[in-house]
Amino acid sequence: MAIRVAIIGAGPAGFYTAEALTNLDADTEIDLIEYLPAAYGLIRAGVAPDHQTTKKIQKSYAKTALKPEIRYYGNVKVGREVSLDELREIYDAVVLAIGAPTDNPARLPGADKRGVYGSAAFVGWYNGHPDFRNLDPDLDTSTVAVIGVGNVAVDVARVLVKTHAEMASADLPDYADAAIQAAPITDVFMFGRRGPVDAKFTNVELREMGRLENSVPIVDPAQLPDEVGGNYEDRDLRVREKNLGTLKEFAIRKPEEKPKRVHFSFYASPVEILGGDRVEGLRLERTRVDAGRAVGTGEFFEISCGVVISAIGYRSEPIEGAPFDEKKGIVPNEEGRVTGGLYAVGWIKRGPTGTIATNKPDGKLAAKQILADCKGGKPGRASFEKLLDARGIRSVSFEEWQKIEAIEEAAATPPSPRKKFVTNEAMLAQLDSAETTREAG
Ligand code: NAP
């Protein structure tokens, strides 16, 4: 008897789970349900627009989606149009692959001022995510402060200082490219509350900051230890050593080398965003690191800046019908098993850490668990489609999504790979009407 599975979320975790289910020696019917018409989740709207090599993985996701056992239902909002309870009633197994779409809040006085943005919103904006395309950040400033020293902070800093030519092979929407290139930004400060060896960025991403056309990385040599020190596992130690080596190379660069600078500033914990209605500065406390934690020293300093972008990690949102651990920001689970027939994979299972490939074992494990736990027998797709019809929900098939992708690709100016549609309406219009106008990205 076929095991009928619904996977909610068509990002990396969802696709790896679908793929793993098709590799089982079992009769499966897999429905991949996504709230946007667009597939690929963070590959499309999270991975930086100038990191197209990373985005190539979506080709293998497309192959998965076209397997006969799998059907894609884009533009279906689980939790709003269809409930999780309804899906659990219809399917033998339901897999939550809904990621971590919101920002960890910067709980700082002044965080409500104009000019303060969370990285989920800011990255979504420059990636043309329909939910964030109207963010319209006010970038009329010479100086931006980015809180955090993870890979997202590096992405944000880099996208803000790259030249138009450096972004030519990116898929940045025109509105974001225009706003960034018009901004008078000369200095971006990245603040780490701990030291350089505690930074979360990876070395490839860090090194790239030393090779930018118009921007030079600046590091205070006094903040760099001679050696990494501490007890780390081999792999972890190597990453930290590489990062320290790169930061040492940056420390001899000169601010006047290029018109723009990205400052890597450590041992600095933000305490208040300053200004009136709009951001005018950031107040920080100097820290020392004690047993791996940042401890305030009581010494404070301020920088003037017109924009603050908080890149301090992401957060999952609760979904009605599933338990939620507010503290950890995940759906509580036992190695992915949530409760009878409900599973979690990716960031909603583990929290927002790791690379794209980290989601692969999650998918494999969930597939194995589903095979072990489920006998099959529920109606699955047939009932789901009836539900969609009864509610007048216009879902998008994978073939339709590929049609939208082909239009985006045809509209691009090479070497940019695509000119993204940035609203759901514009995407759907390509499918539903011959006389449509394309909303420029
Ligand atoms: P992250 O790697 O967890 O980094 C978050 C940063 O914010 C850390 O520096 C952290 O410092 C800091 N932070 C957290 N809370 C803070 C607070 N209250 N005040 C000040 N600083 C605070 O998160 P991310 O950069 O959002 O990345 C998420 C995941 O996506 C990561 O696994 C990342 O590697 C991955 N990613 C990868 C790429 C890539 O491979 N190119 C690109 C983008 C994202 P502490 O360490 O002190 O907590």
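The first residue in the sequence is number 1, and the count goes up from there. Just so it is clear, the structure is predicted and the values come from calculations on it, not from any experiment. First listed ligand is number 1; within each ligand, the first listed atom is number 1.
- Residue contacts with ligand 1 leave out Gly192, since none of its heavy atoms falls under 4.0 Å from the ligand.
- Residue contacts with ligand 1: Thr202 is placed with no nitrogen or oxygen under 3.5 Å of a nitrogen or oxygen of the ligand (distance criterion only).
- We find that Arg261 and Asp187 are joined by a salt bridge, their nearest charged nitrogen and carboxylate oxygen being less than 4.0 Å apart.
- In summary, the atoms of ligand 1 found under 4.0 Å from a heavy atom of Ala311, numbered by their order in the structure, are 5 (C), 6 (C), 7 (O).
- The CG atom of Asn203 sits 11.5 Å away from the CD atom of Glu208 when rounded to the nearest 0.5 Å.
- The six-membered or imidazole ring of Tyr61 lies near that of Tyr16, with a centre-to-centre distance under 6.0 Å.
- Look at Arg283 and Glu302 and you find a salt bridge, because one of the NZ, NE, NH1 or NH2 atoms lies within 4.0 Å of a carboxylate O, short of that distance.
- Under 4.0 angstrom from ligand 1, there are no non-hydrogen atoms of Phe266.
- The N/O atoms of Gly148, backbone and side chain alike, include none that comes under 3.5 Å of an N/O atom in ligand 1.
- Any N or O atom pair closer than 3.5 Å counts here, and His51 shares no such pair with ligand 1.
- If you check which protein heavy atom lies closest to atom 23 (O) of ligand 1, you get Gly313 CA, 4.0 Å.
- Nearest protein neighbour of atom 4 (O) of ligand 1, counting heavy atoms only, is Gly150 CA, 3.6 Å.
- With respect to Asp171, the side-chain hydrogen bond (donor to acceptor under 3.5 Å, both in side chains) criterion is satisfied by exactly one of Arg418, Arg44, Lys419: Arg418.
- Protein heavy atom in closest approach to atom 22 (C) of ligand 1: Ile312 CG2, 3.4 Å.
- Only the side chain of Asp155 comes within contact range of ligand 1, with a heavy atom under 4.0 Å; no backbone atom does.
- For atom 9 (O) of ligand 1, the closest non-hydrogen atom on the protein side is Val149 N, 3.0 Å.
- For ligand 1, the polar-atom distance check against Pro270 finds no nitrogen or oxygen pair separated by under 3.5 Å.
- Closest protein heavy atom to atom 35 (C) of ligand 1: Gly354 O, 3.7 Å.
- Considering backbone and side-chain atoms alike, Asn151 places an N or O below 3.5 Å from some N or O of ligand 1.
- At distances below 3.5 Å, at least one donor-acceptor pair connects side-chain atoms of Lys258 with backbone N or O atoms of Leu212.
- When each atom of ligand 1 is checked for a heavy atom of Pro352 under 4.0 Å away, the hits are 28 (C), 29 (C).
- Of the polar atoms of Glu205, at least one N or O is found under 3.5 Å from an N or O of ligand 1, judged by distance alone.
- Here the protein heavy atom with the shortest distance to atom 2 (O) of ligand 1 is Lys200 CB, 3.5 Å.
- Heavy atoms of Ala199 found under 4.0 angstrom from ligand 1: none, in either backbone or side chain.
- Among the atoms of Arg194, some N or O lies under 3.5 angstrom from an N or O of ligand 1.
- At a threshold of 4.0 Å, the pair Glu166-Arg158 does not count as salt-bridged, since none of the basic side-chain nitrogens sits closer than that to a carboxylate oxygen.
- The shortest N or O to N or O distance between Ile147 and ligand 1 is not below 3.5 Å.
- At least one protein heavy atom sits closer than 4.0 Å to atom 20 (C) of ligand 1.
- Using a 4.0 Å cut-off between a side-chain N of Lys or Arg and a carboxylate O of Asp or Glu, Arg80 and Glu320 do not qualify as a salt bridge.
- Within the 3.5 Å criterion, the main-chain N or O of Tyr40 finds no donor-acceptor partner in the side chain of Gln58.
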For this session: Could you check Ile57 against Phe15 for side chain to side chain contact (heavy atoms under 4.5 Å, CB included), going step by step and ending with a plain yes or no?
Result: CA-CA 11 Å; Ile57 189 76; Phe15 272 106; over 6 Å; no

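- By the 4.0 Å N-to-carboxylate-O rule, Asp198 lies too far from Arg193 to be salt-bridged with it.
- Atom 24 (P) of ligand 1 has Val152 CG2, 3.6 Å as its closest protein atom, hydrogens excluded (heavy atom only).
- Residues Thr64 and Glu19 bring a donor and an acceptor atom of their side chains to less than 3.5 Å of each other.
- Scanning the protein heavy atoms around atom 15 (N) of ligand 1, the nearest turns out to be Arg193 NH2, 3.4 Å.
- Atoms of ligand 1 found under 4.0 Å from any heavy atom of Thr353 (numbered from 1 in listed order, with element): 32 (O).
- Using modelled atom types, no side-chain atom of His263 and backbone atom of Ser265 make a donor-acceptor pair closer than 3.5 Å.
- A donor-acceptor distance shorter than 3.5 angstrom exists from the side chain of Asn151 to the backbone of Thr202, with no hydrogens or angles considered.
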